[in-house]
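Here is the structure we will look at, set down as structure tokens.
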Amino acid sequence: MQIEVISESAEMTMQIAKKYAQSIKSPVVISLVGDLGAGKTTFTKGFAEGLGIKELVSSPTFTIMNDYSSGRMPLYHFDMYRLGSKEEAIELGFEEYFDLRKLDGVAIVEWAENVKGLLPALYVEINFTKIDDDKRKIQIEVKGWV
């Protein structure tokens with residue numbers, strides 16, 4: 001099943017994400033897919049707010065992973081843009097965040113396509129498509145076996 005919504009602004013994207021986070025149960029891995037500037041980090045900021053996270057959420061482009069623990073469950077925010085393979089992510093010790101038996105919160109992964117094979121058999125994929133400067137189509141779908 002796929003859910004599709006249209007966001008008219010960055011603020012609306014954050015509200016959609018906040019509402020979604022309020023319904024999420026741990027553990028879950030979420031892959032964010034979309035071009036640069038499509039709204040992936042904006043969505044993550046709203047999602048963190050929905051979890052009750054108090055820290056300032058920023059893109060982990062250079063650190064690859066930021067973790068936030070002040071909410072109702074931990075949020076691990078990954079940006080795999082700079083990685084070239086699943087093996088690089090494993091060398092950095094990230095595979096434990098994608099094992100649903102060990103994950104104690106939510107792992108949100110931007111650019112997961114750069115580390116194919118790292119995600120678990122069951123995960124959520126959220127696609128962002130730019131319609132214009134402000135408007136985005138957001139599609140949410142559970143991937144893998146159910």
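These values consider heavy atoms only, across backbone and side chains, with no hydrogens, waters or symmetry-generated copies.
- Proximity of a side-chain donor or acceptor of S26 to a complementary backbone N or O of G105 within less than 3.5 Å is detected.
- The aromatic rings of F128 and F43 sit perpendicular to each other, their planes meeting at more than 60°, with 30° as the lower class boundary.
- Expressed to the nearest 0.5 Å, how far CG of L83 lies from CD of E91 amounts to 10.0 Å.
- Note: the hydrophobic cluster containing L100 also contains M65 (ILVMFWY, side chain heavy atoms under 4.5 Å, direct or indirect links).
- With rounding to the nearest 0.5 angstrom, the CD atom of E95 is 11.0 Å from the CD atom of E87.
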For V124 and Y20, what are the C-alpha separation, side-chain angles and deciding distance, and is it a side chain to side chain contact (heavy atoms under 4.5 Å, CB included)? CA-CA 12 Å; V124 175; Y20 184 58; 3.5 Å; yes

Decide salt bridge (Lys or Arg N to Asp or Glu O under 4.0 Å) for E88 and K86; before the verdict, give the C-alpha distance in whole Å, the side-chain angles of both, and the deciding distance to 0.1 Å. CA-CA 5 Å; E88 281 184 66; K86 168 185 163 183; over 6 Å; no

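- Two residues are said to be in side-chain contact when any heavy atoms from C-beta on lie closer than 4.5 Å; I138 and N127 fail this criterion.
- Remark: the backbone N or O of A38 is paired with a side-chain donor or acceptor of R136 at under 3.5 angstrom.
- Here the straight-line distance linking atom NZ of K135 with atom CD of E8 works out to 4.5 Å at 0.5 Å rounding.
- Of the inter-residue distances, the one linking I90 atom CD1 with F98 atom CZ reads 10.0 Å to the nearest 0.5 angstrom.
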Before you tell me yes or no, could you show the steps for R82 and W111 under side chain to side chain contact (heavy atoms under 4.5 Å, CB included), namely the whole-Å CA-CA distance, both residues' side-chain angles and the distance that decides it to 0.1 Å? CA-CA 9 Å; R82 297 181 165 284; W111 302 101; over 6 Å; no

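- F78 and F94 have perpendicular rings, their planes meeting at more than 60° on a 0 to 90° scale where under 30° would count as parallel.
- Comment: K18 engages E49 in a salt bridge, judged by a side-chain N to carboxylate O separation of less than 4.0 angstrom.
- No side-chain heavy atom of K54 sits under 4.5 Å from any side-chain heavy atom of Y68.
- For the pair V142 and Y123, the minimum side-chain heavy-atom distance is 4.5 Å or more.
- I3 and I6 end up in different hydrophobic clusters when Ile, Leu, Val, Met, Phe, Trp and Tyr side chains are linked at under 4.5 Å.
- Counting non-hydrogen atoms of other residues, nucleotides and ligands closer than 6.0 Å to CG of D132 gives a total above 12.
- The backbone N or O of S59 lies less than 3.5 Å from no partner atom in the side chain of T41, so there is not a single donor-acceptor pair.
- Here the side chains of V33 and I126 are not in contact, with every heavy-atom distance at 4.5 Å or above.
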Intermediate values then yes/no, side chain to side chain contact (heavy atoms under 4.5 Å, CB included), I64 and D79: CA-CA 5 Å; I64 304 173; D79 185 332; 5.9 Å; no

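- The side chain to side chain contact (heavy atoms under 4.5 Å, CB included) test with M73 is passed by exactly one of I24, V28, L103, I53: I24.
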Test log, rule side chain to side chain contact (heavy atoms under 4.5 Å, CB included), inputs H77 and E110: CA-CA 8 Å; H77 181 197; E110 297 185 36; 2.7 Å; yes

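- Atom OG1 of residue T44 and atom CE of residue M14 lie 10.0 Å apart, to the nearest 0.5 angstrom.
- Nearest approach of A112 to S31, heavy atoms of both residues: CB-OG, 3.5 Å.
- Applying side chain to side chain contact (heavy atoms under 4.5 Å, CB included) to I30 and the options I108, L119, I140 leaves one that passes, I108.
- Between the side chains of D104 and Y76, at least one donor-acceptor pair of N or O atoms lies under 3.5 Å.
- Counting only distance, with no hydrogens or angles, the side chain of N114 and the backbone of M80 share a donor-acceptor pair below 3.5 Å.
- In this structure the side chain of V57 never reaches within 4.5 angstrom of the side chain of N66, judged on heavy atoms.
- In this model, no donor atom of one side chain and acceptor atom of the other lie less than 3.5 Å apart for S9 and D134.
- Once rounded to the nearest 0.5 Å, the distance linking NZ of K40 with OH of Y81 reads 9.5 Å.
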